[in-house]
J.: 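Structure provided below as structure tokens; questions to follow.
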Amino acid sequence: MLRMSTLFLRTLREDPADAEVPSHKLLVRAGYVRRIAPGLWSWLPLGYIVYRNIERVVREEMDAAGFQEVHFPGLLPREPYEKTHRWEDYGDNLFRLQDRKKTDYLLGPTHEEMFTLMVKGEFSSYKDLPLSIYQIQIKYRDEARPRAGILRAREFVMKDSYSFDVDDAGLEKSYQRHRDAYISTFDRLGLSYEIVSAMAGAMGGSKSEEFLAPCTTGEDTYVKCPACGMAANVEAIVTHAVPEVDASDVPAAHVEDTPDTPTIASLVEISNSRPELRRSDRDWTAADTLKNVVLMQVAIDGTRTPLVIGLPGDREVDLKRVEAGIHPYELEAFEEEDFKKYPALVKGYIGPEVLGENSASGIRYLVDPRVVNGTRWITGANKRGNHVYDLVAGRDFGWDGVIEAAEVRQGDGCSNCGEEVTIARGIEIGHIFQLGRKYAEALDLKVLDENSELVTVTMGSYGIGVSRAVATIAEQSHDDKGLLWPREVAPADIHIIATGKEDEPFNVAQGIAEDLEARGIRVLFDDRRGVSVGVKFNDSELIGIPTIAVVGKGLNDGVIELRDRASGEQELVPVADFINTVVELCN
RNA sequence: CGGGGCGUAGCGUAGUGGCUAGCGCGCCUGCUUUGGGAGCAGGAGACCGCGAGUUCGAGUCUCGCCGCCCCGACCA
């Protein structure tokens with residue numbers, strides 16, 4: 001039994017000044033967590049109970065799915081990460097350190113390498129597979145900017161699983177089993193979530209989905225189609241296919257003098273204001289222009305090469321989407337200095353004529369999927385103050401490839417059905433990947449198949465942010481008074497408050513608390529003497545245990561008040577019925 | 001890394017170059033109070049982020065450093 005009189009807890013009346021998001025404010029105010037340093041948090045008793053409840057649910061669901069728990073150190077040797085190149089690829093986000101002999105170590109940001117080697121050490125036959133193993137472990141990532149309390153920390157707890165199969169069909173099955181296990185887990189945790197298509201990104205591999213908890217404070221943006229149910233991270237979204245156009249009646253391209261039009265807005269304005277440039281049927285819009293954006297792509301070895309992306313002028317480039325499309329290259333801005341090195345690029349007036357790997361410049365030119373054969377554009381003429389009109393894609397210019405680079409907007413056509421999509425934000429609570437053979441190859445994990453031939457194992461990787469789930473539930477489940485924990489993860493089933501200055505309510509409450517505990521109900525008992533009832537009520541609402549009982553003046557009528565924290569509904573229960581009523585409520 | 005903001009007691013904050021750095025919450029003692037963050041009285045708790053400088057005098061002005069928060073970049 002937790003007793004408020006002795007509990008190591010101090011609630012705060014005011015929000016901490018450095019907190020922005022609700023979970024951060026409330027978890028600190030209610031005395032669940034305290035900050036130690038940027039991105040590092042300590043758990044106080046109530047917080048640690050919630051954390052362990054979540055961990056328990058995750059473990060139970062993984063075990064129920066037939067996955068086996070193992071455990072690695074958080075401190076890991078350099079060598080395996082050297083073999084997969086992640087010692088370098090992880091960059092500044094990896095915590096590196098040395099022992100007294102100056103040998104390199106790292107604090108594990110994720111454990112693909114170690115799991116691969118563990119399986120390699122034990123198994124060598126296709127008969128041993130499939131296998132799925134997991135751990136619940138502290139992970140370390142030296143985030144450039146930890147934020148939002150414990151939503152993005154530098155030390156956090158993750159449940160990470162890995163599946164090992166002999167072929168693609170097996171991987172698909174293992175993936176599906178994890179997907180199902182994740183659904184059960186998040187349902188039990190009381191989280192609302194969406195399963196969205198994602199990019200495999202730097203992890204390598206192919207198929208990948210994210211479990212996103214819809215939440216305005218989330219860091220991930222995703223797209224959802226109300227019509228067909230398609231859901232995808234913006235990084236993974238595919239533009240709705242645009243049909244080719246018959247451009248046989250479009251006049252030949254012609255260059256026009258358009259002084260002082262380095263921006264799309266100025267170009268549209270001059271095009272509509274000069275009679276010889278006007279369209280007869282309607283005004284020009286930004287969507288009629290082809291904007292060519294120069295970026296610098298950087299290879300892992302640091303080599304910088306320019307990249308030009310052509311997209312409709314009414315769209316901004318979404319750098320995250322570009323990076324997803326050009327992985328493993330990274331992006332940097334194209335600076336003034338760079339323009340000097342590439343004189344073919346006239347800032348503000350770049351056109352497709354000078355672009356492309358087969359052109360004189362050799363600069364790679366990728367276009368938005370909306371640029372299809374027959375579409376007609378106004379774009380730069382590669383000369384200061386000049387634009388070219390009626391430039392037809394396919395007829396007058398070509399490109400090296402297509403890239404999903406444009407920002408995704410509310411109302412864009414769904415890639416699946418074409419209906420208008422909506423955009424929302426979410427917190428990533430889980431991520432499942434079909435990794436493939438990247439790690440098995442790098443670390444030489446092979447088994448003998450039924451033909452006695454060595455085959456490389458194919459892997460999946462699956463993560464749940466356990467500590468992040470505490471904050472995510474708090475984000476999704478609170479009101480202006482405090483937290484609202486689902487019973488499964490709450491620090492207790494019932495918060496019993498004794499009121500008044502007489503002994504009787506305290507004695508009755510004490511007896512009830514003991515009886516409930518004997519029936520398996522987890523109790524937090526506010527047995528503080530001399531604390532005003534307002535303080536007790538407010539603390540109980542802040543702490544957010546799902547059921548609150550008030551033992552006080554109702555005893556005169558032989559009743560105890562039972563309140564539902566979430567709904568605020570209240571009923572008066574005769575003392576004699578109280579235990580059974582609560583036991584029923586909690587089961 | 002770029003932009004913005006901020007460092008005063010456990011928390012939240014006030015503080016025109018000038019007395020012993022103030023207030024609220026919380027904490028301690030006593031009395032009173034007990035159904036929505038009680039009242040009265042008394043008390044403890046501060047290297048005003050650090051270091052230089054200007055000045056008769058610096059929490060306050062100047063410079064440097066450190067740290068923190070937010071936005072962006074970054075982030076399986």
Side-chain angles (χ1 to χ4, degrees), chain A residues 9-21 24-25 28-29 31 34-40 84 86 89-94 108-113 139 141-149 151-154 156 158 160-162 198-205 208-210 217 219-220 233 235 298 318-320 322-324 327-328 330-333 428 430-435 438-439 459-465 468 481-482 497-502 505-506 528-542 548 550-556 561 563 570:
Chain A
L9 170 74
R10 188 100 303 144
T11 58
L12 305 177
R13 196 174 285 211
E14 288 164 292
D15 285 334
D18 55 5
E20 295 283 322
V21 301
H24 185 186
K25 289 179 182 172
V28 171
R29 268 191 65 204
R34 290 289 182 259
R35 199 187 74 101
I36 295 299
L40 300 176
T84 57
R86 289 212 293 184
D89 290 1
Y90 235 97
D92 289 338
N93 272 24
L94 191 65
T110 171
H111 283 69
E112 277 79 5
E113 284 83 351
K139 306 289 184 189
R141 293 182 197 176
D142 191 0
E143 298 281 352
R145 190 159 84 82
R147 75 180 98 187
L151 278 173
R152 176 165 294 280
R154 292 192 296 173
F156 58 97
M158 183 160 90
D160 49 330
S161 313
Y162 304 86
M199 297 296 284
M203 293 300 299
S208 158
E209 288 169 294
E210 288 173 343
T217 50
E219 293 184 282
D220 286 75
N233 194 298
E235 290 161 50
V298 186
D318 182 330
L319 294 177
K320 273 189 175 180
V322 175
E323 288 216 315
H327 183 84
E330 291 189 358
L331 280 182
E332 279 182 15
E428 183 182 341
H431 202 158
I432 53 179
F433 287 93
Q434 294 190 6
L435 274 184
K438 172 179 170 177
Y439 292 90
M459 294 170 55
S461 141
Y462 317 89
I464 290 177
R468 176 181 281 181
K481 294 188 178 123
I497 298 171
T499 69
K501 63 175 177 179
E502 307 302 327
F506 286 84
R528 291 175 295 179
R529 293 288 193 134
V531 173
S532 83
V533 65
V535 170
K536 292 185 174 185
F537 288 167
N538 281 316
D539 275 348
S540 73
E541 282 150 358
L542 182 58
I548 298 167
V550 184
V551 183
K553 65 182 185 187
L555 288 180
N556 296 330
E561 287 169 46
R563 299 180 184 175
Q570 184 170 154

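These numbers come from a predicted model, not from an experiment. Protein chains get the first letters and strands the later ones, always in sequence-line order, with residue 1 at the start of each.
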J.: Based on Watson-Crick and G-U pairs with both distances under 3.5 Å, what dot-bracket line describes RNA chain B 5' to 3', crossing pairs as [ ] and inter-strand pairs as |?
T.: (((((((..((((....[...)))).((((((.....)))))).....(((((..]....))))))))))))....
J.: OP1 or OP2 of rG26(B) less than 4.0 angstrom from a side-chain nitrogen or oxygen of R13(A), does that happen here?
T.: yes
J.: Would you classify R468(A) as touching base, sugar-phosphate or nothing, given that sugar-phosphate means primed atoms plus P, OP1 and OP2, and contacts are heavy atoms under 4.0 Å?
T.: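 Contact class for R468(A): none.
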J.: Can you identify which nucleotide, out of rG35(B), rG12(B), rA73(B), has its nearest atom closest to the R147(A) side chain?
T.: rA73(B)
J.: Suppose you measure atom C1' in rG57(B) against the same atom in rG64(B); what distance do you get, rounded to whole Å?
T.: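 It comes out at 23 Å once rounded to the nearest Å.
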J.: CD of E502(A) versus P of rG35(B): gap in Å, rounded?
T.: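 Checked: the CD to P distance equals 11 Å.
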J.: From rG37(B), rU33(B), rU13(B), pick the nucleotide closest to the side chain of A17(A)?
T.: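 Closest nucleotide to the A17(A) side chain: rU13(B).
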J.: For the P atoms, the ones on rU62(B) and on rG17(B), what distance do you get once it is rounded to whole angstrom?
T.: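 Rounded to whole Å, the distance is 11 Å.
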J.: In whole Å, what separates the P atom of rG3(B) from that of rC65(B)?
T.: 14 Å
J.: Can you tell me, in whole Å, how much space there is between the P of rU33(B) and that of rG15(B)?
T.: 40 Å
J.: Can you identify which nucleotide, out of rG35(B), rC70(B), rG37(B), has its nearest atom closest to the E561(A) side chain?
T.: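 Selected nucleotide (nearest to the side chain): rG35(B).
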J.: Within the structure shown, what part of the strands sits under 4.0 Å from R35(A) by heavy-atom distance: base, sugar-phosphate, or nothing?
T.: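 The residue R35(A) makes sugar-phosphate contact but no base contact.
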J.: Toward the 5' end of RNA chain B, which comes first, E143(A) or A37(A), by nearest nucleotide?
T.: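 That would be A37(A).
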J.: Between C1' on rU13(B) and CG on L12(A), what's the gap in Å once rounded to a whole number?
T.: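 In whole Å, rU13(B) C1' lies 15 Å from L12(A) CG.
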J.: Among rC75(B), rC68(B), rG26(B), which nucleotide has an atom closest to any side-chain atom of R152(A)?
T.: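 When the side chain of R152(A) is considered, rC75(B) is the closest of rC75(B), rC68(B), rG26(B).
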J.: Rounded to the Å, how far apart are L542(A) CG and rC25(B) C1'?
T.: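 For the pair L542(A) CG and rC25(B) C1', the rounded distance is 14 Å.
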J.: Heavy atoms under 4.0 Å, any strand shown: does E14(A) hit a base, just sugar-phosphate, or nothing?
T.: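 Base contact.
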J.: Measure from the side-chain heavy atoms of F537(A) and tell me the nearest of rG37(B), rG35(B), rC70(B).
T.: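 Looking only at heavy atoms from C-beta outward on F537(A), the closest nucleotide is rG35(B).
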J.: Please tell me which of the listed nucleotides, rG26(B), rC69(B), rU33(B), lies nearest to the side chain of D18(A)?
T.: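 Of rG26(B), rC69(B), rU33(B), rC69(B) is nearest to the side chain of D18(A).
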J.: I need the CD1-P distance between I497(A) and rG36(B), as an integer number of Å.
T.: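 In whole Å, rG36(B) P and I497(A) CD1 are 13 Å from each other.
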J.: Could you check K536(A) against R529(A) and say which one's nearest nucleotide on RNA chain B is further toward the 5' end?
T.: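 On the 5' side of the pair lies R529(A).
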J.: What is the distance, to the nearest angstrom, from the CZ atom on R528(A) to the P atom on rU34(B)?
T.: 19 Å
J.: Roughly how many Å apart are rG49(B) and rU16(B), using the P atom of each and rounding to a whole number?
T.: 15 Å
J.: Does G554(A) reach a base, just sugar-phosphate, or nothing at all? Heavy atoms under 4.0 Å.
T.: base
J.: Does R10(A) reach a base, just sugar-phosphate, or nothing at all? Heavy atoms under 4.0 Å.
T.: sugar-phosphate
J.: Quickly work out the L9(A) CG to rG10(B) C1' distance and round it to whole Å.
T.: 14 Å
J.: What is the nucleic acid contact for A148(A), judged by heavy atoms within less than 4.0 Å: base, sugar-phosphate only, or nothing?
T.: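 If one applies the 4.0 Å heavy-atom cut-off, A148(A) turns out to touch the sugar-phosphate alone, with no base involved.
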J.: May I have the distance from E219(A) (atom CD) to rC74(B) (atom C1'), rounded to whole angstrom?
T.: 11 Å
J.: Can you tell me which nucleotide in rG37(B), rG35(B), rC11(B) comes closest to the side chain of N538(A)?
T.: rG37(B)
J.: Need one value for D15(A): base, sugar-phosphate or nothing, where a base atom within 4.0 Å counts as base even if backbone is also close, heavy atoms only.
T.: sugar-phosphate
J.: Given rG36(B), rU33(B), rG12(B), which nucleotide is nearest the side-chain atoms of V533(A)?
T.: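 Per side-chain heavy atoms of V533(A), the pick is rG36(B).
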J.: Assess whether one donor atom and one acceptor atom, taken from the side chain of E541(A) and the base of rG36(B), lie less than 3.5 Å apart.
T.: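 In this structure, the two groups form a donor-acceptor pair.
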J.: What is the distance from CG of L40(A) to C1' of rG67(B), rounded to the nearest Å?
T.: 14 Å
J.: Given the C1' atoms of rC70(B) and rC74(B), what is the spacing between them in whole Å?
T.: 16 Å
J.: Quiz question: going by heavy-atom distance under 3.5 Å, is there a donor-acceptor pair between the base of rG26(B) and the side chain of R29(A)?
T.: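 No.
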